[in-house]
Amino acid sequence: MYVMKCSNNGTFEQGQLNRYGNIELNPAAGVLNYGQGLYEGTKAYRKKDGNLILFRPDQNAMRMQFGAERMCMPSPSVDQFIDAVKQTVQANKCWVPPPGKGSLYIRPLLIGSGPILGLAPSPEYTFLVYASPVRNYFKEGSAPLNIYVEAEYDRASRGGAGGVKSITNYAPVLKALLRAKNRGFSDVLYLDSVNKKNLEEVSSCNIFIVKGNLISTPAAFGTILPGVTRRSIIEIARDLCYQVEERPIPVDELSEADEVFCTGTAVGVAPVGSITCQGKRMEYKTGAQTVCAQLYSTLVGIQTGHIEDKKGWIVEIE
């Protein structure tokens, strides 16, 4: 794993690769006491020729910088971030699955590692990157998801940190998520915290609805995380001549949609087979001839090197 410390002047020193293992933290560390931390997620893929590639790591780096500003943290430069990810992948290249068998999930972390007893920014920060081989995120594999609309708990509120990848965003969703899974659902779809009328996010991914040639997704205006996969799918869909709108989506539109799908680094592009809202179960088109399947195959083709990258999204690892 790659580890880099922030010096007293707010800049990160030269990092280094260490053996994967536990890290030592002061009990008063800002991340432990006040949740001052961010994380990112990206993947490395092995091409048929054996070479390794990354997908848009610069977007993850810039999102971490944006989140760090919100959380009063210094952050690595884009170049430092990408170099750290590259070094981590290179050091773990034997764990990158063969083509078509999965990917190497990469988890960059930025944490307040210095001790601070009073409520204030940490005096020291640690940036680290580790990795793990992965296959499908959901236990259903590639099967359509079965989602429950959460009416009691909120994921984020206006003025909060829902629009950044703060570690504090995720533990609060666990209760609703576990409750839904115990009822046989794959995941939870949250509504806006003000009126409970508009779609927001699934627990750890963005949501899209399809009606004819129109693809809609909730606008990322502070309560919704602007996913890298989300942004990529929007561009790919427009290139394929779909109309794409980023707008408030009333929950009532779920009953009119032809298709629903989720996007995220971990989930990729995942079809939704059904959504249950207030006891009403709505079912959607899935399968090979859907918009979701077309977008998925195009995205994965670019990510794995099967489709020519004309957008500069792919970074080769030497």
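We number each residue from 1, following the sequence as shown. Note that this is a predicted model, so its numbers are computed, not measured.
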So V89 and L54, side chain to side chain contact (heavy atoms under 4.5 Å, CB included) or not? Walk me through it. CA-CA 9 Å; V89 173; L54 299 169; 4.1 Å; yes
Quick one: does any side-chain atom of [X] pair with a main-chain N or O of [Y] as donor and acceptor, under 3.5 Å?
X: Q36; Y: S122; answer: yes
X: K211; Y: E256; answer: yes
X: T290; Y: A293; answer: yes
X: N198; Y: P248; answer: no
X: N92; Y: M1; answer: no
X: E246; Y: A220; answer: no
X: T276; Y: Y148; answer: no
X: N182; Y: L178; answer: yes

When you check the side-chain N and O atoms of [X] and [Y], is any donor under 3.5 Å from an acceptor?
X: Q16; Y: Q14; value: no
X: Y170; Y: K165; value: yes
X: T223; Y: E200; value: yes

For a 4.5 angstrom cut-off between non-hydrogen side-chain atoms, does [X] reach [Y]?
X: L128; Y: P108; answer: no
X: I209; Y: E253; answer: yes
X: M71; Y: S166; answer: yes
X: Q294; Y: L240; answer: yes
X: I234; Y: T217; answer: yes
X: K175; Y: Y153; answer: yes

Exercise: identify the closest heavy-atom pair between D258 and G212: OD2-N, 2.8 Å
[atom1]-[atom2] distance between [X] and [Y], expressed to the nearest 0.5 angstrom:
X: R46; Y: W95; atom1: CZ; atom2: CH2; answer: 12.0 Å
X: N206; Y: T263; atom1: CG; atom2: OG1; answer: 4.5 Å
X: C292; Y: K285; atom1: SG; atom2: NZ; answer: 13.0 Å
X: Q303; Y: T265; atom1: CD; atom2: OG1; answer: 8.5 Å
X: I236; Y: I307; atom1: CD1; atom2: CD1; answer: 8.0 Å
X: L174; Y: S203; atom1: CG; atom2: OG; answer: 8.5 Å

Given the rule in the side chain to side chain contact (heavy atoms under 4.5 Å, CB included) test, do V188 and V173 qualify, once you have shown the distances and angles that lead to the verdict? CA-CA 9 Å; V188 170; V173 309; over 6 Å; no
Please tell me whether [X] and [Y] are part of a single hydrophobic cluster in this structure, the criterion being side-chain heavy atoms less than 4.5 Å apart.
X: V202; Y: V164; value: no
X: I224; Y: F221; value: no
X: L177; Y: I147; value: no
X: I53; Y: V78; value: no
X: W313; Y: I233; value: yes

Per the side-chain contact (heavy atoms from CB on, under 4.5 Å) rule, which among N195, L199, V194 passes with K197? N195
List the atom pairs, with distances to 0.1 Å, where a side-chain N or O of residues 56-68 and a protein N or O form a donor-acceptor pair under 3.5 Å, not counting sequence neighbours.
| from | atom 1 | to | atom 2 | distance (Å) |
| --- | --- | --- | --- | --- |
| R56 | NH1 | S232 | OG | 2.9 |
| Q59 | OE1 | R231 | NH1 | 3.0 |
| N60 | ND2 | E40 | OE1 | 2.8 |
| N60 | ND2 | G41 | O | 3.0 |
| R63 | NE | E40 | OE1 | 3.3 |
| R63 | NE | E40 | OE2 | 2.9 |
| R63 | NH1 | P226 | O | 3.3 |
| R63 | NH2 | E40 | OE1 | 2.7 |
| Q65 | NE2 | P76 | O | 3.2 |

Quick one: list whatever passes side-chain hydrogen bond (donor to acceptor under 3.5 Å, both in side chains) with [X], sequence neighbours left out.
X: S274; result: N146, R281
X: N169; result: none
X: Y190; result: none

Would you call [X] and [Y] a salt bridge, using N to O less than 4.0 angstrom?
X: K47; Y: E316; answer: yes
X: R155; Y: E201; answer: yes
X: K311; Y: D239; answer: yes
X: E150; Y: K196; answer: no

Would you sort out whether F261 and Y284 count as a ring pair (Phe, Tyr, Trp, His ring centres under 6.0 Å), showing the intermediate values? CA-CA 10 Å; F261 61 88; Y284 306 101; over 10 Å; no
Dump the intermediate steps for side chain to side chain contact (heavy atoms under 4.5 Å, CB included) on L25 and L32, then the final yes or no. CA-CA 9 Å; L25 285 174; L32 297 179; 4.2 Å; yes
Residues 21-35 vs side chain to side chain donor-acceptor pair (under 3.5 Å), sequence neighbours excluded, gives none
Side chain to side chain donor-acceptor pair (under 3.5 Å): which pairs involve residues 103-115, sequence neighbours left out? Y105-R107, S113-E124, S113-T126
List the steps and the verdict of salt bridge (Lys or Arg N to Asp or Glu O under 4.0 Å) for R230 and E235. CA-CA 9 Å; R230 173 187 180 275; E235 290 191 44; over 6 Å; no
[X] [atom1]: over 12 foreign heavy atoms closer than 6.0 Å:
X: L117; atom1: CG; value: no
X: Q278; atom1: CD; value: no
X: E69; atom1: CD; value: no
X: R238; atom1: CZ; value: yes

For side chain to side chain contact (heavy atoms under 4.5 Å, CB included), just list the numbers for V291 and Y242, CA-CA rounded to whole Å, side-chain angles, deciding distance to a tenth of an Å, and then say yes or no. CA-CA 9 Å; V291 174; Y242 289 101; 3.7 Å; yes
My understanding is that only one of K86, Q80, Q87 makes a side-chain hydrogen bond (donor to acceptor under 3.5 Å, both in side chains) with D83; could you say which? Q87
